[in-house]
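The structure presented is a predicted model; accordingly, all values stated were derived computationally and were not measured. We're numbering straight along the sequence, starting at 1.
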Amino acid sequence: MLTCVFFIVLVFQRVEILLLKVEQSPLRSTQDALLPLFMAFIAPDLLNHSNIDVKLSLAFCIIELMRITVPEPPYKDGIMKDIFRLTIAAFEMYKHHPSVFLDMETVMISAIEESDDITWDLLSPLLASVKKDQDISCTSFKLGMRVLTRSASKKAHLCKALESMDIVLDNYAPTVVAAICSTGFDVPRLECEKAYD
């Protein structure tokens, strides 16, 4: 099993290096050449892989695909939900260089900004990362908080989505809810929120 995992990670690292060389909004022929990668990366066996190194390597490759396809998201909202979950899970289990964190944040914000509709599938993994009384790492909390609060052009849509889904806002980090819904209240903050001032 270890050899198989090593091979998968090695292939992902090589693919990531190649994807780094592809410019944003490439020619149609390049997009067509990338299509098999798009499909391979969302295979359930990869998205749900138990090894953290495989998850992390897959997340890096998907982030590069997202960078290449901006402003269009590479997948539909349901798949983006799985990708956000993968990214958040990778952060919960692994510490990263700050530039990687910023890259993931930028890509996730772009995905929300470019989404026509904020669906539960897209929103739920982010909300899970800022839910109170959960055993969530501060790194995952920070990522979810920053993505939700910095998706500026979609704040009205995010707030409407929260309201329409009958979400109990008291279950989530107060400053995140206040930032999304512009409540203007002076709200108490959670420990994870204080760590990232």
Exercise. What pairs of residues pass the side chain to side chain donor-acceptor pair (under 3.5 Å) test when at least one of them lies in residues 30-45, not counting sequence neighbours?
Worked result: R28-Q31
For this session: First locate atom CG of L20, then atom CZ of F60, and finally report the distance between them rounded to the nearest 0.5 Å.
Result: 11.0 Å
For this session: Measure across L46 and A40 and return the closest heavy-atom pair with its distance rounded to 0.1 Å.
Result: CD1-O, 3.3 Å
Seminar exercise, completed: Taken to the nearest 0.5 Å, the spacing of R150 CZ from T106 OG1 works out to 9.0 Å
Problem set entry | Cluster link F12 to I17, ILVMFWY, side chain under 4.5 Å | no
Exercise. How close do T149 and M145 get, heavy atom to heavy atom, and via which atoms?
Worked result: OG1-O, 2.7 Å
Seminar exercise, completed: Between the CG atom in L56 and the CG atom in L86, the distance rounded to the nearest 0.5 Å is 8.5 Å
Exercise. L123: what forms a side chain to side chain contact (heavy atoms under 4.5 Å, CB included) with it, not counting sequence neighbours?
Worked result: I118, L127, L148, L158, A161, L162, M165
For this session: Measure across M108 and L126 and return the closest heavy-atom pair with its distance rounded to 0.1 Å.
Result: CE-CD2, 3.7 Å
Problem set entry | N/O donor-acceptor pair under 3.5 Å between K132 side chain and D170 backbone | yes
Exercise. How would you list, by chain and number, every residue that makes a side chain to side chain contact (heavy atoms under 4.5 Å, CB included) with P74, sequence neighbours excluded?
Worked result: F38, M66, T69, M80
Exercise. For E23, does the CD atom have more than 12 heavy-atom neighbours from other residues, nucleotides or ligands under 6.0 Å away?
Worked result: no
Problem set entry | Nearest non-hydrogen partners of S129 and G144, listed with the distance | OG-CA, 3.2 Å
Exercise. How far does CD1 of I79 sit from CG of L47, to the nearest 0.5 angstrom?
Worked result: 8.5 Å
Problem set entry | Test item: H49 and L58 side chains (from C-beta on) under 4.5 Å apart, heavy atoms | no
Exercise. What heavy-atom pair brings V70 and S110 nearest, and what distance separates the two atoms?
Worked result: CG2-CB, 4.3 Å
Problem set entry | Residues forming a side chain to side chain contact (heavy atoms under 4.5 Å, CB included) with V15, sequence neighbours excluded | V11, L19, L37, F41, C61
Problem set entry | Residues in side-chain hydrogen bond (donor to acceptor under 3.5 Å, both in side chains) contact with E16, at least two apart in sequence or another chain | none
Seminar exercise, completed: When rounded to the nearest 0.5 Å, the distance separating CG of L34 from OG of S29 is 9.5 Å
For this session: Could I get the full list of side chain to side chain contact (heavy atoms under 4.5 Å, CB included) partners for Q13, not counting sequence neighbours?
Result: V9, L10
Exercise. In chain order, what residues pass the side-chain hydrogen bond (donor to acceptor under 3.5 Å, both in side chains) check against R67, with sequence neighbours excluded?
Worked result: E64
For this session: For residues I8 and N51, determine if any side-chain heavy atom of one lies less than 4.5 Å from a side-chain heavy atom of the other.
Result: no
For this session: Return each pair, listed once, that meets salt bridge (Lys or Arg N to Asp or Glu O under 4.0 Å) where at least one residue sits in residues 72-88; pairs must be two or more places apart or across chains.
Result: K81-D121
Exercise. Less than 4.5 Å apart, any side-chain heavy atom of V147 and any of E105?
Worked result: yes
